[in-house]
Each structure stands twice: as C-alpha cells, then as structure tokens.
Asks: 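Have a look at the structure that comes next, please.
Model, not experiment: these values are computed from the prediction. Letters A, B, ... are given to chains in the order of the sequence lines, protein chains preceding strands, and every chain is numbered from 1.
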2 protein chains.
Amino acid sequence: MFDFKELEAFVWVVRLGSFRKGATKLHITQPSISDRITRLEDSVGESLLDRSARPVQPTLRGREFFTHAERLLEGRDEAMRLFQDEESFSGTLRLGVIETIASSWCPTFMRRLAERYPQLTIELMVDISPFLHQRLAENDLDMLFAMDGLVPGLCAIQTPLCTFEMGMFAAPELAAALRQGDMATFADTAFISFSKQARPYSELVAYLTALGIDTPRIHSTSTLMTIMRMSIEGLGIGVLPVATVRDAVDAGSLERLTLEEPLPPMIYDAIWRRSNYPSFCASVARLAKQCAADYAQDHGKLSSPSTMKGYVDT
Amino acid sequence: MFDFKELEAFVWVVRLGSFRKGATKLHITQPSISDRITRLEDSVGESLLDRSARPVQPTLRGREFFTHAERLLEGRDEAMRLFQDEESFSGTLRLGVIETIASSWCPTFMRRLAERYPQLTIELMVDISPFLHQRLAENDLDMLFAMDGLVPGLCAIQTPLCTFEMGMFAAPELAAALRQGDMATFADTAFISFSKQARPYSELVAYLTALGIDTPRIHSTSTLMTIMRMSIEGLGIGVLPVATVRDAVDAGSLERLTLEEPLPPMIYDAIWRRSNYPSFCASVARLAKQCAADYAQDHGKLSSPSTMKGYVDT
DNA sequence: TCACCGATGTTCGATTTCAAGGAACTCGAG
DNA sequence: CTCGAGTTCCTTGAAATCGAACATCGGTGA
C-alpha cells in the first residue's frame with residue numbers, strides 16, 4: 001500500500017518529466033526516486049510511467065492516477081494548514097450558556113464570532129450553570145459561559161467574563177403596596193427566582209436570612225422570561241439581573257425596589273477543558289468578554305437607588 | 001509528517017471511542033495504536049484526542065482534523081479502486097484515426113465508447129497513417145486506427161480492425177467518355193488519390209504500373225472529401241474506399257468504373273503502445289472492430305462489377 | 001560506420017531508520 | 001485490591017536510503 005512519499009515522487013516525476021529532476025526537487029538520490037516509483041507500481045500492480053519516452057511520461061493509467069495523487073497531496077497539505085493557521089477554525093464549537101447571557105449579549109457575540117470564524121459551526125445549549133458544568137465534564141460541551149462550579153477533578157481553564165448586578169422588581173401595584181407597608185409586608189411577599197439548584201436562588205435565601213426573613217416564600221422557575229412574566233403579573237418580587245429588565249422598567253411594567261443592602265452580583269466566567277485547543281478557546285473568550293463589556297456600557301446601570309433602612313422602590 | 005497508517009489509527013479510535021477497539025479493528029497491538037496516535041500528534045504539534053474522557057473523544061482540533069483524515073482515506077481507497085475495476089476509465093484517451101474511418105464508422109464508435117466509458121475524455125486527431133505512427137512514437141497519441149507502419153523500435157500491440165474495398169469513380173460524363181474510349185483514353189486520364197506519403201497513393205502507382213501505365217498523372221490531395229469533390233467535378237478518376245462514396249453514387253454524382261483487376265483493399269489496424277494499459281486499449285479496439293463490422297454490413301458492397309478486359313463502368 | 005562520451009535510469013549491497021510486538025508500568029474506577 | 005485501558009521501554013525485523021556499479025540511449029566526431 002502506497003504512502004505520501006510514493007505519491008510525491010510520482011507527481012514530481014510526471015510534472016518535471018524526469019527521475020533525476022524529481023530527485024533533485026525532493027532532495028533525495030535518483031535510486032531512491034526509482035525505488036519509490038517501483039514501490040508504487042508494485043502496490044497498484046500496473047505500470048504508471050513510460051520510461052522509454054523522453055521526457056518520461058505517464059501511461060494512460062498513470063495519467064488517470066495522477067489527478068488522484070495530486071488531490072491526495074493537496075488534501076494532506078490542507079490538513080496540515082489547520083495547525084499552522086491560528087486564525088481560523090472550521091470545526092464545531094459546542095457552547096453552553098446560562099440564560100441571562102443568552103438573553104443579553106449573546107446574539108451580538110454570535111454575530112461577531114461568525115464574522116471572526118466564518119467556517120465555524122456553533123452548537124448552543126442554554127441551561128443553568130450546574131447542568132452546564134456537568135455537561136462539560138461529560139465532554140458533551142466544549143466551552144461554558146457560566147458561573148464557576150467545576151465538577152471536582154476536571155482540568156479546565158477559567159477566565160472572568162462579566163458581572164451582572166441583581167435587583168428586585170415588582171409590578172407597580174405591588175410596588176405601591178410595599179411602599180405603604182413595612183418590613184413584615186415585605187417578608188410576607190412571595191419572591192420569584194431561578195431554579196433551586198442555581199446560584200441566584202441560594203444567594204437570595206442567604207440574603208433574606210441576613211435580613212431576618214428565615215422562611216421566605218420563593219417561587220422557582222427555570223427561565224428568566226418566566227420570572228419577568230410572573231413579576232409583571234404581580235405574583236411576587238422578581239429577583240433578576242438588572243440589565244435584563246431595562247425594557248420592562250422603561251415601559252412601566254415593573255418597578256425596581258430599593259434595598260438597604262445590595263444583592264450580591266452574579267459573576268460569570270468563560271470555562272473550557274484544558275485539553276481543548278487553548279488558543280482558540282481563549283480567543284473566543286476574549287471576544288465574549290468584549291461583547292459583555294459593550295453590552296454593559298450600552299445598557300448601563302439603572303438609576304442608583306438611594307439608601308433607606310429596609311427597602312424602598314425607585 | 002504523517003502517513004496513511006497514522007490517519008487510519010486516528011480515524012478508527014475516534015469512530016470506536018477506544019484505543020483498544022481501534023487496535024483490534026486494525027489487527028495490531030494497543031501500544032502500536034498508541035504509538036501511531038502519538039506520532040500523528042507530534043507531527044501536527046497539537047493534541048488531537050482527549051484520553052481522560054470515556055469513551056476517548058477528539059479535542060476541538062481533533063474533530064476538525066477528523067473530517068480531513070476521513071476524506072484522505074477515502075481518496076486513497078478511491079485511487080486504489082482505479083486498479084481493481086477493469087470496467088471503467090476516467091482519464092483521457094488520445095486517439096489518432098485515418099480520415100476514411102473518421103468519415104465512416106467513427107461517429108458511431110465515439111457514441112458507443114462514451115456509453116461504455118462515461119467518464120472518458122477523448123482527444124481525436126485525424127491524419128494519414130505515417131504521420132499518426134510518428135505521433136504514436138513520440139507519445140503524442142495513445143492509440144491509432146490506421147494502416148500498419150510502425151516506426152522501427154516502437155514496442156506496440158496491433159490488432160486487425162477492418163478492411164475497406166477500394167474503387168475508381170468518375171463523374172457521369174467522364175465515365176461515358178471512358179466507356180466509349182480505349183485503354184489509351186484511360187491511361188491519359190488523370191487520377192485523384194490521397195497524399196503521396198499515404199499507402200493508397202503508392203498502391204495506385206503499383207496497380208497502374210502493372211497495367212502498363214508507367215507514367216500516370218495522379219493528383220494528390222490530403223482529404224477524402226477533396227478527392228470526392230474533384231471527381232464529381234470531372235477532374236479525373238477518384239480512387240476511394242467504396243463504402244465512403246455510396247451516397248454520391250446513389251445520387252448519380254459519381255459512377256463506379258469496372259476494373260479488370262480489383263484494386264488492393266486498404267487494411268486498417270488498431271495499434272497502441274505495449275506499456276499503455278493493455279486491457280483498456282484491447283477493449284476499445286474490440287468496440288471499434290464491432291462498429292466497423294456493423295458499418296460494413298449496413299453499407300454492404302456496391303454491386304459487383306462484371307469483369308471485362310481493360311475496364312468498364314457499372 | 002564505429003567508437004566514445006554524457007545523460008539518465010536501474011540494480012545491488014551496506015547502513016540507517018523506523019515500526020511493531022511483548023513485557024512492564026501507570027492510572028482510574030469499582 | 002482487582003481489572004480494564006492506555007503508556008513506556010526495549011528488542012527485533014522490516015523498510016528506506018545512500019553510494020557505487022551497471023545498463024541503455026542518443027549525439028558527436030573521426
């Protein structure tokens with residue numbers, strides 16, 4: 001069975017019409033060229049070159065084989081080019097993103113990524129961070145935009161991506177009632193947060209406990225949109241990333257509540273397995289970080305709430 | 001630089017998700033598989049497989065490379081198939097044909113050849129036999145349909161193809177004059193034949209000499225069509241393959257002259273260089289011979305001339 | 001016409017390189 | 001601790017390459 005060396009020898013002898021010239025081209029001796037061509041002919045079982053001709057010429061079959069040989073050599077060179085060009089990637093990137101990001105700067109990011117890597121295929125999965133981490137560990141995903149929370153033992157690279165300020169929001173009527181009520185009114189009101197396994201939920205519980213609210217009623221839902229919808233309907237106080245509800249606040253559907261102590265922000269990283277093409281993933285992470293920064297700048301912070309004991313809406 | 005063995009190892013380990021399974025598939029040991037993958041990774045300078053995963057999985061770059069590797073292996077198999085399938089040929093056949101054949105059964109032959117070898121590319125050259133033989137010797141042509149006449153030293157295969165009966169034809173008025181004249185009238189009339197270097201010309205000279213006509217006037221032209229045209233115009237007696245002037249005779253433009261002794265027939269062979277893919281060329285020759293036989297059957301012989309001393313037209 | 005020379009490809013033997021097998025080792029999971 | 005799977009190491013045989021010698025062909029000059 002022939003190898004690339006035999007193909008190279010054949011192709012160059014045909015192109016240059018001479019064993020000697022082919023040998024010089026490939027920096028080997030003439031007997032070696034002769035050997036390679038003979039080996040190739042032995043492996044296919046037919047003569048491919050007419051040596052009596054001057055210049056040396058392919059046989060009919062040799063001419064047919066030549067186009068295949070050229071194509072194979074070009075294919076090998078093309079494959080080698082994958083590793084020499086840091087600036088392109090033509091494979092598939094399986095990306096896991098938490099919903100907050102999917103709802104904020106991710107569309108912009110995807111557009112820029114496609115411009116940057118035109119041959120790239122993206123598979124996007126949206127889920128909460130713990131599930132995303134599990135999938136990274138199981139090698140179902142290549143890269144995450146999520147909160148930290150690595151599965152123990154997984155060797156991965158992690159780089160800060162963005163921070164989202166969290167806020168509490170209520171429908172105007174509920175907000176008015178809370179403004180006229182006291183701490184007990186606040187404590188009796190239902191809260192609406194993400195899935196129980198998600199970090200926002202546990203951070204909310206801790207925050208309310210620190211306020212003295214030991215048994216809060218918290219509805220948990222799986223999507224940011226549902227939280228927003230329920231909050232607008234007046235079912236409770238939604239705890240959401242501030243930037244993601246700017247439109248609803250501007251429309252008057254929701255009002256932000258002023259808190260004595262700010263909620264802890266949600267911090268997100270870009271995370272990928274160490275074994276996975278580090279420079280490409282680092283490049284993707286940089287691009288994502290830029291998109292996040294642009295988004296934060298465009299959407300800014302909602303007006304700074306004045307500090308009052310307890311809570312106050314804006 | 002990697003070879004096909006390394007590509008095979010990589011592709012099968014990825015497909016089967018296991019070094020051990022890949023080794024079993026390729027009938028080698030596990031350390032050998034490990035070596036091949038390592039050699040491949042060393043040659044490209046990057047890790048292509050994540051060995052900590054179960055099953056073993058390609059890295060991002062590995063996945064990108066996989067499609068190339070598969071394509072290269074398929075390309076090699078495709079090239080090998082050229083030598084295992086006697087029934088197809090996808091290259092270029094450079095065919096040299098004498099004009100008589102080009103004007104008779106060659107169009108039919110070309111059609112059948114294209115049906116038989118759909119991927120074949122044909123380059124057709126029409127010339128007289130000596131020139132065609134020269135070009136075969138210079139490797140400008142792969143195969144001839146011509147009279148024998150090999151350039152000395154050229155190692156070639158030759159197989160009988162067809163025979164064309166030769167006849168003498170004249171315009172009706174000239175034919176009438178010849179019928180009323182005698183041998184001197186015939187000897188004084190100009191003859192029209194092919195190029196001086198062509199066999200028909202020298203055969204005509206020999207024929208007339210045997211008739212006692214030592215210094216015949218013979219016009220020589222390079223094409224069969226020109227001979228026919230000049231004969232129809234009454235410029236002389238055209239010496240042509242009988243089958244090729246059937247239409248002109250049927251139309252009354254030309255009349256066949258009856259001869260005491262028949263002209264020697266023109267015998268044509270299929271000829272190709274021994275080094276050139278013998279089975280394919282033999283197959284082409286068989287197909288050509290069949291077309292020639294079909295043509296001879298369809299066109300038959302013109303009516304047998306009755307024998308008279310000297311000459312007589314039909 | 002013949003002998004000689006130069007160019008080119010092939011063959012042969014020696015040397016070097018490479019690939020594969022088998023044994024031992026390492027690592028992770030149960 | 002055991003087992004399954006992959007890696008490392010050493011030995012051996014096969015394969016590739018080199019250099020020298022040989023063979024062939026075409027051109028040139030006497």
Side-chain angles (χ1 to χ4, degrees), chain A residues 1-43 47-59 62 134 137-139 150-156 273-275, chain B residues 1-43 47-59 62 134 137-139 151-155 273-275:
Chain A
M1 184 56 79
F2 58 80
D3 260 320
F4 288 108
K5 283 188 180 179
E6 282 89 357
L7 296 177
E8 272 175 340
F10 176 69
V11 161
W12 278 109
V13 166
V14 171
R15 281 179 182 158
L16 302 173
S18 155
F19 278 56
R20 182 184 56 79
K21 287 178 182 173
T24 301
K25 173 71 186 179
L26 295 171
H27 307 299
I28 58 176
T29 63
Q30 195 164 328
S32 297
I33 277 276
S34 187
D35 276 348
R36 286 191 188 179
I37 301 290
T38 302
R39 286 204 308 267
L40 177 61
E41 288 175 326
D42 287 347
S43 77
S47 170
L48 298 176
L49 286 176
D50 180 1
R51 295 155 171 79
S52 65
R54 287 293 182 269
V56 171
Q57 293 213 301
T59 60
Q134 188 64 29
E138 290 169 4
N139 216 336
L150 289 177
V151 171
L154 182 64
C155 196
R273 304 171 70 104
R274 183 174 293 277
S275 60
Chain B
M1 185 57 80
F2 59 81
D3 260 320
F4 288 109
K5 284 188 181 178
E6 282 88 357
L7 296 177
E8 272 176 340
F10 176 69
V11 161
W12 279 109
V13 166
V14 170
R15 281 180 182 158
L16 302 173
S18 155
F19 277 57
R20 182 186 54 79
K21 287 178 183 174
T24 301
K25 173 69 186 181
L26 296 172
H27 306 299
I28 57 176
T29 61
Q30 196 165 328
S32 296
I33 278 275
S34 187
D35 277 349
R36 285 191 190 180
I37 303 288
T38 301
R39 285 203 310 265
L40 177 61
E41 287 175 325
D42 287 347
S43 77
S47 170
L48 299 175
L49 287 175
D50 181 1
R51 294 156 172 80
S52 65
R54 286 293 181 268
V56 170
Q57 293 214 301
T59 60
Q134 188 64 31
E138 291 169 2
N139 216 338
V151 172
L154 183 63
C155 196
R273 303 170 71 103
R274 182 173 295 277
S275 58

Asks: Would you say D:dT17 has OP1 or OP2 under 4.0 Å from some side-chain N or O of A:Arg36?
Replies: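 For D:dT17, OP1/OP2 do have a side-chain N/O of A:Arg36 under 4.0 Å.
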Asks: To the nearest Å, how far apart are B:Glu8 CD and C:dA19 P?
Replies: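 Atom-to-atom, B:Glu8 to C:dA19, this comes out as 14 Å.
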Asks: Rounded to the nearest angstrom, tell me the gap between atom CD in B:Glu6 and atom P in C:dA20.
Replies: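 Distance, rounded to whole Å: 8 Å.
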Asks: Using a strict cut-off of less than 4.0 Å between a Lys/Arg side-chain nitrogen and an Asp/Glu carboxylate oxygen, indicate whether B:Arg36 and B:Glu6 qualify as a salt bridge.
Replies: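 Here B:Arg36 does not pair with B:Glu6 in a salt bridge, since their nearest N and O are not under 4.0 Å apart.
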Asks: Nearest-Å distance, CZ (A:Arg51) to C1' (C:dA7)?
Replies: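 Interatomic distance, CZ of A:Arg51 to C1' of C:dA7: 17 Å.
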Asks: Between B:Phe4 and A:Phe4 (judged by ring centroids, cut-off 6.0 Å), do the two rings come close enough to count as a pair?
Replies: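 Yes, ring centres under 6.0 Å apart.
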Asks: In whole Å, I'd like the distance from the CG atom of B:Leu16 to the P atom of D:dA5.
Replies: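 From B:Leu16 CG to D:dA5 P: 13 Å.
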Asks: Looking at C:dA20, I'd like to know if its phosphate oxygens (OP1 or OP2) sit under 4.0 Å from a side-chain N or O belonging to B:Lys5.
Replies: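 Looking at the OP1 and OP2 atoms of C:dA20, one of them is under 4.0 Å from a side-chain N or O of B:Lys5.
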Asks: Distance check needed: C:dT11 P versus A:Phe19 CZ, whole Å only.
Replies: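 Atom-to-atom, A:Phe19 to C:dT11, this comes out as 11 Å.
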Asks: Once you apply a heavy-atom cut-off of 4.0 Å, does B:Ser52 come out as touching a base, just sugar-phosphate, or nothing?
Replies: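 No contact.
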Asks: Side-chain N or O of A:Ser34 versus OP1/OP2 of C:dT10: is the shortest distance under 4.0 Å?
Replies: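 For C:dT10, OP1 or OP2 has a side-chain N or O of A:Ser34 closer than 4.0 Å.
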Asks: Measuring from the side chain of B:Asp35 (C-beta onward, heavy atoms only), which nucleotide among C:dG9, D:dT8, D:dC18 has the closest atom?
Replies: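 When the side chain of B:Asp35 is considered, D:dT8 is the closest of C:dG9, D:dT8, D:dC18.
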Asks: Does the side chain of A:Arg20 get closer than 4.0 angstrom to OP1 or OP2 of C:dT8 through an N or O atom?
Replies: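 So the side-chain polar atoms of A:Arg20 do come within 4.0 Å of the phosphate oxygens OP1 or OP2 of C:dT8, strictly under.
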Asks: Tell me: CG of B:Asp50 to C1' of D:dG6, nearest whole Å?
Replies: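 After rounding, the gap between these two atoms is 13 Å.
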Asks: Side-chain contact, heavy-atom cut-off 4.5 Å: B:Arg20 with B:Ile33?
Replies: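 B:Arg20 vs B:Ile33: side chains apart.
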Asks: For A:Thr38, report the nucleic acid contact type (base, sugar-phosphate, nothing); a contact means any heavy atom under 4.0 Å.
Replies: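 No contact.
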Asks: Near DNA chain C, counting only heavy atoms under 4.0 Å, which residues of residues 26-33 of chain A show up?
Replies: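 DNA chain C contact set from residues 26-33 of chain A: A:Gln30, A:Pro31.
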Asks: Could you state the atom-to-atom distance from CE of A:Met1 to C1' of D:dA15 in whole Å?
Replies: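 From A:Met1 CE to D:dA15 C1': 17 Å.
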Asks: Side chains of B:Leu49 and B:Ile37: does their closest heavy-atom pair fall under 4.5 Å?
Replies: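 Yes, side chains in contact.
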Asks: With the side chain of B:Arg39 defined as its heavy atoms from C-beta on, choose the nearest nucleotide among C:dG9, C:dA19, C:dT10.
Replies: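 Per side-chain heavy atoms of B:Arg39, the pick is C:dA19.
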Asks: Roughly how many Å is it from CD1 in B:Ile37 to P in D:dA5, rounded to a whole number?
Replies: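 In whole Å, D:dA5 P and B:Ile37 CD1 are 17 Å from each other.
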